[in-house]
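Numbers here are sequence positions counted from 1.
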Amino acid sequence: MTDPDAGIDNRSMHWPRGKVIGGSGSINGMLYVRGNPADYDGWARKGCAGWGYADVLPYFKKSESYAKGDDRYRGKSGPMIVEDYRTILPLTDRFVEAARAAGIPYTPDYNGAAQEGVGYSQMTRLGRFRGSTASTFLRAARDRSNLRVETRAMVTKLLVEGGRCRGVLYRQGGIDHTLHAEREVIVAAGSIKSPHLLQLSGIGPSEYLRSIGIDVVHALPGVGANLADHYVGFTAFRVKDAVSINELARGWRLGREVLRWMFTANGALTFGITSSTIFTRSREGLASPDLQLLFTPASYDQSRFGELERSPGMTVAVCAVQPESRGTVMARSNNPFEAPAIRPNYLSAPADLRAILAGMRRVRDIFSQPAIARHCVSETLPGTHARTDDEIAGVVRKTGTTIYHPVGTCKMGVDAMAVVDARLRVHGMAGLRIVDASVMPNVTTGNTNAPTVMIAEKAAEMILENGRQ
């Protein structure tokens with residue numbers, strides 16, 4: 001759980017962790033979204049040499065297999081299978097049609113030549129199953145003699161000696177074990193655990209570490225800072241004259257969907273988190289989209305976390321994909337089994353809320369178009385009572401949530417708060433590299449699984465290069 005956050009009515013957020021083979025990619029919404037080319041060119045301008053869009057595109061292509069799309073942008077033979085959204089309920093088609101009527105251009109591939117526009121969502125699939133890194137990359141490597149996987153094990157400390165990371169300490173079954181590294185230690189524990197582990201090992205903001213009883217072995221002020229995440233507000237509608245996922249998840253329809261899953265590898269049980277995605281701009285003058293609108297032919301019970309409503313519904317999550325708000329992940333004590341303090345500071349930057357409000361207005365415009373309006377009974381979120389910006393903002397603060405894209409807590413760069421360099425090596429510490437979403441200087445324009453896989457592809461090549469040297 002995050003700490004209570006003033007920006008969202010002092011609520012705490014549930015942040016599930018990917019403590020499973022494959023990490024958070026094994027529990028995510030399966031959307032494949034690379035981000036905008038401007039994201040990576042921005043990283044390069046900030047001193048991350050070799051991370052511009054032209055530099056990272058080959059690694060995106062290397063990791064994926066996408067049957068459609070332009071070969072200049074899309075890979076055809078990688079281990080991760082990317083597919084267009086299969087279970088297209090008519091509501092999704094109506095939403096796409098309405099968005100186009102509202103002036104949003106159609107983009108056949110938001111991971112290709114043009115991200116901006118409305119299109120159908122893309123997913124990482126493996127037949128009827130999730131196409132995670134565990135079921136693709138790791139499965140292919142599991143018989144290698146140089147691979148050993150330990151489960152039910154918690155790394156508690158990095159072992160540092162003479163300015164070099166020499167190995168790790170981990171606990172398994174109540175027993176402490178030590179592993180020594182001949183070349184380097186690679187931390188890939190995610191945007192929460194990676195900074196926490198460094199802090200527990202004495203690597204981080206020195207004054208703070210001493211205040212919680214941790215001996216400082218390497219002062220690095222940026223460890224745990226620069227936390228960025230995607231917060232969304234919801235617009236939801238009650239549905240008429242159309243089927244939504246709400247009905248398919250219950251009763252005899254659910255039984256039918258189970259059979260569809262078993263015999264056709266299709267249906268509601270293969271549903272990702274959203275079926276159509278819009279990338280657009282909240283205002284004129286922006287260089288690239290700053291809004292992502294995620295349509296789902298389903299609606300959620302506001303009183304029960306993660307449960308669908310019983311009545312037919314549809315939802316659009318409105319996300320400011322270039323948030324300025326920044327938070328922290330900090331160890332609470334020197335106890336490795338105590339969860340760190342997670343403080344996202346949602347909506348602390350006024351621009352983030354302004355963008356979401358603009359997105360809410362855009363969604364209302366889309367749902368006023370005849371193609372989708374004929375399926376709308378009423379607006380349930382923010383609700384017809386919320387008309388002014390202040391009224392809508394109040395609902396956004398009260399009912400909005402994360403879409404689970406935390407990044408940046410061990411950011412890459414050359415400034416004083418950077419934790420790793422452009423080769424993902426921890427500044428000032430030999431033998432230690434970080435390879436996960438925590439190294440992103442900024443959160444990307446969209447979902448973060450595909451960019452994290454790209455980071456791993458590029459890191460693998462750099463690790464091999466350093467090994468040969």
Side-chain angles (χ1 to χ4, degrees), residues 1-18 24 28 35 39 42-43 46 187 189-200 203-209 211-212 220-233 290 292 317-333 338-356 393 396-413 415-420 434 436-448 451-452:
M1 301 298 293
T2 66
D3 283 7
D5 194 326
I8 55 171
D9 283 3
N10 290 313
R11 290 183 296 143
S12 296
M13 284 289 173
H14 178 225
W15 279 22
R17 298 282 309 285
S24 294
N28 74 344
D39 299 332
W43 292 6
K46 292 180 179 180
V187 174
S191 293
I192 307 306
K193 190 59 184 180
S194 286
H196 187 212
L197 180 59
L198 264 65
Q199 292 165 5
L200 292 169
I203 304 169
S206 54
E207 186 175 336
Y208 178 78
L209 295 183
S211 74
I212 58 173
L220 208 55
V223 175
N226 193 53
L227 173 64
D229 185 32
H230 283 148
Y231 182 86
V232 298
D290 65 333
Q292 183 181 16
V318 178
C319 179
V321 281
Q322 297 176 5
E324 297 179 9
S325 302
R326 292 292 182 271
T328 59
V329 173
M330 304 300 290
R332 297 184 189 273
S333 71
E338 182 179 12
I342 305 172
R343 302 184 179 101
N345 293 330
Y346 288 125
L347 306 181
S348 55
D352 298 349
L353 182 58
R354 286 197 297 269
I356 291 175
V396 169
R397 293 184 188 278
K398 183 179 180 180
T399 64
T401 188
T402 175
I403 48 174
Y404 315 110
H405 298 161
V407 308
T409 48
C410 296
K411 78 167 186 173
M412 172 174 45
D415 62 278
M417 295 298 286
V419 176
V420 300
I434 302 175
D436 57 34
S438 72
V439 305
M440 295 186 193
N442 302 92
V443 66
T444 50
T445 303
N447 307 69
T448 51
T452 305

Kindly compute the distance separating CG (Leu200) from CG (Leu209), expressed to the nearest 0.5 Å. 9.0 Å

Spatial distance of atom CD1 (Ile8) from atom NZ (Lys398) [nearest 0.5 Å]: 13.5 Å

Gap separating the OG1 atom of Thr409 from the CG atom of Asp229, nearest 0.5 angstrom: 11.0 Å

Can you see which heavy atom on Pro323 is nearest to which on Asp352, and at what distance? CA-OD1, 3.3 Å

Treating Ser12 as the side-chain partner and Thr2 as the backbone partner, does any N or O pair qualify as donor plus acceptor under 3.5 Å? yes

Set of residues satisfying side-chain contact (heavy atoms from CB on, under 4.5 Å) with respect to Ala341, sequence neighbours excluded: Asp3, Arg332, Arg343

Is the backbone N or O of Arg11 less than 3.5 Å from a side-chain atom of Asp9, with the two atoms forming a donor-acceptor pair by type? no

Heavy-atom closest contact (Arg326 atom, Ser348 atom, distance): N-OG, 4.3 Å

A side-chain contact here means heavy atoms from C-beta on lying under 4.5 Å apart; do Tyr404 and Ser24 qualify? no

Quick one: does Val232's side chain get under 4.5 Å of Thr401's, heavy atoms only? yes

Show your reasoning for whether side chain to side chain contact (heavy atoms under 4.5 Å, CB included) applies to Met440 and Lys411. CA-CA 5 Å; Met440 295 186 193; Lys411 78 167 186 173; over 6 Å; no

Consider only side-chain N and O atoms of Asp39 and Thr444, and report whether a donor and an acceptor are under 3.5 Å apart. no

Nearest 0.5 Å, please: how far is OH in Tyr231 from CD1 in Ile356? 7.0 Å

Taking side chain as C-beta onward, heavy atoms only, is Val329 less than 4.5 Å from Ser191? no

Non-hydrogen atoms of Ala331 and Tyr208 that approach each other most closely: O-OH, 2.5 Å

Side chain proximity check, Asn226 to Met417, heavy atoms < 4.5 angstrom: no

Check the angle between the aromatic planes of His230 and His405 and answer parallel, tilted or perpendicular using the 30° and 60° thresholds. perpendicular

Any side-chain heavy-atom pair of Gln322 and Asn442 under 4.5 Å: no

Looking only at heavy atoms, the pair that brings Ser194 and Ala189 closest together is OG-N, 3.2 Å

Rounded to the nearest 0.5 Å, the CG atom of Leu198 sits from the CG atom of Leu220 at a distance of 7.5 Å

Minimum side-chain heavy-atom gap Leu227-Thr328 below 4.5 Å: no

Identify the two heavy atoms, one from Met13 and one from Gly400, that lie closest to each other, and give their separation to 0.1 Å. CE-O, 3.3 Å

Taking C-beta and beyond as the side chain, do Ile403 and Cys319 meet within less than 4.5 Å on heavy atoms? yes

Kindly give the heavy-atom pair with the smallest separation between Val223 and Val419, and that separation in Å. N-CG2, 3.7 Å

Inter-residue atom distance Asp290.CG - Thr445.OG1, 0.5 Å rounding: 8.5 Å

Between the side chain of Asp5 and the main-chain N/O of Asn10, is any donor-acceptor distance below 3.5 Å? no

